[in-house]
Amino acid sequence: MTSLYSNQSVTLYNSLSGEKELFKPILEGNVGMYVCGPTVYSNVHLGNVRTFMSFDMIFRYLKHLGYKVRYVRNITDAGHLTDDADEGEDKISKKARLEQIEPMEVVQQYTIDFHNILQKFNCLPPSIEPTATGHIIEQIEIIKEIIDNGYAYSENGSVYFDVLKFNENHNYGKLSGRLLEDMITNTRELTAQSEKKNPQDFALWKKAEQQHIMRWPSPWGDGFPGWHLECTAMSTKYLGEKFDIHGGGMDLKFPHHECEIAQSEASNGQDPVNYWLHANMLTLNGKKMSKSTGNNIFPAEIFSGESPFLTKGYSPSVARFFIMQAHYRSVLDFSNDALLASEKGFNRLMEAINLLSALPTSEKSSIDINSWIQSCYDAMNDDFNSPILIAQLFEAAKYIYQIKDGKASITQTDLEKFQSSIHAFVFDILGLEDLNIAAESNSDKLNGAIELLIQLRKEARSNKDFATSDQIRDQLLELGIQLKDGKEGTTFTFS
RNA sequence: GGUGUCGUGGCCGAGUGGCUAGGCUCAGCUCUGCAAAAGCUGCUACAGCGGUUCGAAUCCGCUCGACACCUCCA
């Protein structure tokens with residue numbers, strides 16, 4: 001059997017070229033994908049989640065197409081200075097000092113939170129989730145190579161990447177579209193940069209001061225690795241010197257990803273990545289969500305509704321649906337109104353899908369199922385355009401109601417195809433979950449009780465005892481259980 | 001100041017040279033004991049000004065505005 005990917009060709013927007021390109025993996029049938037993970041010194045907010053969700057959707061789609069995907073997403077548990085000055089402190093160390101615990105306790109706590117949250121949003125775990133602290137040796141080796149190749153210098157126990165030297169025969173700035181000379185003329189004045197030859201240089205290794213708790217021995221003395229280096233070390237180790245896809249948030253494009261390219265080229269001479277993908281920001285009140293400014297909203301607040309920005313709580317799947325309704329490269333603004341609209345749309349889609357298995361079949365299909373399926377693939381093949389896919393799914397919902405009402409027809413074979421495709425796109429690729437099914441399966445007793453009330457209400461109605469029937473309906477609604485009268489009887493949902 | 005992205009109907013969001021996504025809201029209808037729910041129908045927009053073109057939301061120029069990056073951030 002041939003894989004789907006031989007029929008469905010994916011086009012993706014490559015930040016490096018600024019254009020949509022046909023996706024062709026280095027090794028046919030295999031994809032190596034690296035995504036920059038979180039720095040685990042605080043809880044992830046919804047903006048962080050959006051990026052990981054976007055790449056989860058991409059991961060899911062590539063797998064669906066039959067690619068064997070090795071998805072590597074790191075945990076940054078070391079390095080990462082709070083500022084660029086020489087006195088900059090490691091973020092995790094700082095948090096540990098403030099809370100008077102071990103740095104690895106900080107790391108552990110927020111790594112667990114990160115995993116829990118992503119699981120709630122139904123993100124698949126990556127194939128490999130390496131940590132920066134687990135790859136200190138690899139990082140030191142890369143630094144040695146860069147020094148040997150003449151693109152780094154050590155100074156007072158620290159090692160810096162020599163950007164000017166590198167730019168003499170490489171192109172520093174090719175990813176972010178910057179020119180080094182512009183950067184030099186526009187550099188802001190920063191104090192305490194005495195160790196660097198020039199401000200554009202970045203740290204590969206930082207000397208640890210006496211009080212610094214996260215430290216490792218190295219040829220240059222005790223210290224810790226620079227932030228950009230870990231991704232180069234881990235992507236190279238698990239995906240090779242050249243791999244297919246590198247993803248991350250738009251805000252990492254410069255300097256982080258630019259530095260990764262420079263480090264690879266300076267150490268092994270390879271431009272490391274064929275396709276750079278950048279997920280755009282989630283904004284709140286029109287401004288980027290950010291840990292440092294506090295303009296953010298946390299997943300726990302979404303679920304509980306306990307936030308000044310929300311009127312109620314929303315399920316993880318509704319939040320995921322909301323995010324999937326925008327293209328991953330567009331800025332998306334978070335608001336209660338937008339979430340409310342998504343919730344209604346999401347419920348409508350789920351209700352239509354639940355009708356699928358009970359649809360009547362006919363001798364002929366009046367709907368061209370094959371071309372509908374292809375239109376779903378076309379959407380995803382076009383740079384993972386999930387909003388278009390969702391529009392197609394609502395078209396499918398319309399078909400479902402037409403078939404149900406006898407205004408359209410479908411054969412048994414087509415229905416099976418229709419059903420399996422919808423399931424693939426909604427649950428496997430978009431990663432949505434049907435909450436009513438989940439609710440039904442874990443509360444059989446409650447469901448039985450509600451069914452009983454529905455039966456009693458039905459009897460009351462047939463006796464024209466509307467006082468009783470309305471009491472059952474209204475009081476259940478107050479409890480958050482909504483009865484829905486339809487032609488084939490009464491159903492209910494939890495609101 | 002530099003680099004980049006973008007400005008779409010009441011709201012959210014696709015599209016990116018002609019065939020006018022989709023969701024929500026709203027209005028009407030169907031169903032109903034009344035509702036709710038659900039379904040159906042309707043609502044023709046592309047910041048402004050020029051230009052290219054038989055034809056532009058879509059390409060080009062200018063103006064205005066927003067956001068992001070240039071300093072840690074997904």
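Each chain gets a letter, A, B and so on, in the order the sequences are listed, and its residues count up from 1. In this text, all values refer to a predicted model and were calculated from it rather than measured experimentally.
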Give none if [N] has no partner; otherwise give the nucleotide forming a Watson-Crick or G-U wobble pair with it, both distances under 3.5 Å.
N      : result
B:rA57 : none
B:rG22 : B:rC12
B:rG28 : B:rC40
B:rA47 : B:rU63
B:rU3  : B:rA68

Just to be sure I understand the rule, does [X] reach a base, reach only the sugar-phosphate, or reach nothing, if contact means heavy atoms closer than 4.0 Å?
X      : value
A:F466 : base
A:A326 : sugar-phosphate
A:G18  : nothing
A:K20  : nothing
A:M281 : base
A:S176 : sugar-phosphate
A:G47  : base
A:E343 : nothing

[X] has a side chain; which of [options] sits nearest to it?
X      : options                : result
A:A338 : B:rG23, B:rC12, B:rA74 : B:rC12
A:P255 : B:rA74, B:rC70, B:rC40 : B:rC70
A:Q482 : B:rC34, B:rA21, B:rA37 : B:rA37
A:R461 : B:rU32, B:rC12, B:rA21 : B:rU32
A:K344 : B:rU25, B:rA38, B:rA74 : B:rU25
A:D382 : B:rA21, B:rC40, B:rU16 : B:rU16
A:N48  : B:rU16, B:rA74, B:rA14 : B:rA74

On a whole-Å scale, what distance lies between the [atom1] atoms belonging to [N] and [M]?
N      : M      : atom1 : answer
B:rC11 : B:rA56 : C1'   : 26 Å
B:rG50 : B:rG28 : P     : 40 Å
B:rC59 : B:rG7  : P     : 10 Å
B:rA57 : B:rG48 : P     : 11 Å
B:rC64 : B:rU71 : P     : 27 Å
B:rG23 : B:rC43 : C1'   : 15 Å
B:rC24 : B:rG42 : P     : 15 Å
B:rA66 : B:rU8  : C1'   : 15 Å

Gap between atoms [atom1] and [atom2], on [X] and [N] respectively (whole Å):
X      : N      : atom1 : atom2 : result
A:R457 : B:rA36 : CZ    : P     : 13 Å
A:L284 : B:rA68 : CG    : P     : 12 Å
A:H278 : B:rG4  : NE2   : C1'   : 12 Å
A:L332 : B:rA74 : CG    : C1'   : 14 Å
A:N285 : B:rA68 : CG    : P     : 12 Å
A:R178 : B:rU71 : CZ    : C1'   : 12 Å
A:H327 : B:rC12 : NE2   : P     : 19 Å
A:L339 : B:rU25 : CG    : C1'   : 16 Å

Could you check whether the rings of [X] and [Y] sit parallel, tilted or perpendicular, using 30° and 60° as the cut-offs?
X      : Y      : value
A:F114 : A:F52  : perpendicular
A:F59  : A:Y71  : tilted
A:F161 : A:F202 : parallel
A:H256 : A:H228 : tilted

OP1 or OP2 of [N] less than 4.0 angstrom from a side-chain nitrogen or oxygen of [X], does that happen here?
X      : N      : answer
A:R348 : B:rG39 : yes
A:N280 : B:rA68 : no
A:K291 : B:rA74 : yes
A:K253 : B:rA68 : no
A:S330 : B:rA14 : yes
A:K404 : B:rG39 : no

Look at the side chain of [X] and the base of [N], then say whether one donor and one acceptor between them are separated by less than 3.5 Å.
X      : N      : answer
A:D470 : B:rG33 : yes
A:D485 : B:rA35 : yes
A:R473 : B:rC34 : yes

What's the spacing between [X] [atom1] and [Y] [atom2] if we round to 0.5 Å?
X      : Y      : atom1 : atom2 : value
A:Q419 : A:I369 : CD    : CD1   : 11.0 Å
A:F55  : A:C123 : CZ    : SG    : 12.0 Å
A:H135 : A:T133 : NE2   : OG1   : 9.0 Å
A:L359 : A:Y399 : CG    : OH    : 14.0 Å

Q | Residue A:K174 excluded, over 12 heavy atoms near NZ under 6.0 Å | A |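 Correct, the count exceeds 12.
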Q) Which sits closer to the 5' end of RNA chain B, A:E395 or A:D337, going by the nucleotide each is nearest to? A)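 Taking each residue's closest nucleotide, the earlier one in sequence belongs to A:D337.
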**Q.** 5'-most by nearest nucleotide on RNA chain B - A:P387 or A:Y13
**A.**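 Going by which nucleotide is closer to the 5' end, it is A:Y13.
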Q. For A:Y401 and B:rG39, is the gap between ring centres under 5.5 Å while the planes differ by less than 30°?
A.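 So no, this residue does not stack on that base, at least one cut-off failing.
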Q. Does A:R320 pair with A:D56 as a salt bridge, N-O distance under 4.0 Å?
A. yes
